[in-house]
**Student:** 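The structure is given below, and queries will be raised subsequently.
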Amino acid sequence: MGLQEYFAQLGQGIDLVAECSGLSVPALEKMGASTHDVAELTCLHAIYFGSTPYTGKQRLAVDAARRNQHSLSTLRLIESFTRRVKELRAAWNLRVELCSTPGEQVSAVAKRRVRELRVPHKYRERALLRQHPNGLATLTVTGNGLDMTDAFRTIDQQHPGASFIARMLGTTDTDTSSDISPDSPAGTSPATRTRVTTMAVLRLEDYGKILRRKGDDVLVRTTSGAVITGAQLVERACANEGLITVISRVQGPVDLYRFERFASAKQRTMLAAEHPTCAWPGCSIPAERGQFHHLTPWKHGGETNIANLVTLCHYHNGVNEDDPNAPPRRGRLTRNGGTIVWQPPHTSR
Ligand SMILES: [Zn+2]
């Protein structure tokens with residue numbers, strides 16, 4: 001086929017599509033079309049000559065495409081835009097408009113229309129944190145426009161991260177405050193800096209192997225050859241605050257001794273802040289004379305973490321119905337959302 005013939009065919013995209021009527025996929029392939037071409041032609045044929053509730057618009061589109069001598073690639077381009085329009089009627093309106101547009105303007109017109117059809121995003125209050133591989137993180141907060149504008153103005157553009165943190169968390173850390181330029185906006189800073197309690201995970205394989213159980217702990221042979229308990233391993237390997245889970249790739253979490261003896265002082269403080277006295281309704285024994293109580297019992301898989309702990313006096317710790325399967329007599333304490341509640345006898349969770 002000569003070039004002249006090829007160029008003549010180019011402007012007859014819609015007629016080429018029409019010719020596919022009644023031709024099966026194998027028939028088209030037999031004529032030399034690639035699988036990709038066949039799929040595309042069949043798709044275009046279904047749109048311009050297949051059944052649709054919008055036969056009037058379909059006819060308009062075919063006539064316009066023929067009049068403008070749209071090539072197959074222009075028809076493909078048109079579909080790349082119409083498929084972004086979800087509503088069928090709107091998609092047909094766009095198709096008719098683009099078929100009626102001269103080929104070289106199709107792309108520009110389509111982009112404008114698709115932009116216009118886009119449903120405006122519904123913003124709501126939210127906060128997002130993304131951690132980046134280089135140690136930085138991006139905090140995105142959406143809130144009241146005026147407040148956010150005011151907040152944005154307090155950020156020192158020379159040191160945006162450090163000045164923002166100083167505003168949010170206070171400047172008690174010397175390394176943070178030294179990063180803030182002296183001409184950054186002065187003002188009140190929050191009194192205390194809240195720190196997140198970290199839950200560290202210790203991969204046992206990185207430190208040693210479990211030898212055997214010893215009482216309620218495990219014995220671990222460390223990579224240096226020394227044999228120590230799981231408790232000592234955690235103490236050596238980890239910081240002195242936060243909660244630590246030792247996890248084995250083979251055995252999963254190394255169980256039971258878990259956190260109790262490590263974070264107990266911190267947990268005791270936090271629990272006392274929640275309940276200055278025994279948490280049992282009406283009891284006034286001070287928390288510092290109380291005992292840790294597992295809401296979901298230890299032997300039933302309850303963990304020694306804040307969510308599962310409450311401080312009870314000796315007496316109420318004994319009275320609480322620990323076993324969810326035993327007949328309840330005095331009721332038990334449970335955590336409902338963020339609050340400790342007393343669950344009366346003869347009720348189930
Ligand atoms: Zn009590």
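Remember, it's 1-based here, ligands and their atoms both numbered in the order they're listed.
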**Student:** Distance below 2.8 Å from the Zn ion (ligand 1): how many protein N/O/S atoms qualify?
**Tutor:** 4

**Student:** Answer yes or no: does atom CD of Glu125 have more than 12 heavy-atom neighbours from other residues, nucleotides or ligands under 6.0 Å?
**Tutor:** no

**Student:** Has the side chain of Asn68 got a donor or acceptor atom that lies under 3.5 Å from a matching backbone atom of Cys99?
**Tutor:** yes

**Student:** Quick one, Leu129 and Thr138 - any side-chain contact, counting heavy atoms below 4.5 Å?
**Tutor:** no

**Student:** Hey, mind stepping through Glu40 and Arg76 against side-chain contact (heavy atoms from CB on, under 4.5 Å) and telling me if it holds?
**Tutor:** CA-CA 8 Å; Glu40 217 162 57; Arg76 280 198 297 267; 2.8 Å; yes

**Student:** Looking at Trp92, I'd like to know if the NZ or CZ of Arg95 sits under 6.0 Å from its six-membered ring centre while staying within 45 degrees of the ring's axis.
**Tutor:** yes

**Student:** Are the side chain of Gln58 and the backbone N or O of Tyr48 linked by a donor-acceptor pair below 3.5 Å?
**Tutor:**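 Answer holds: yes.
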
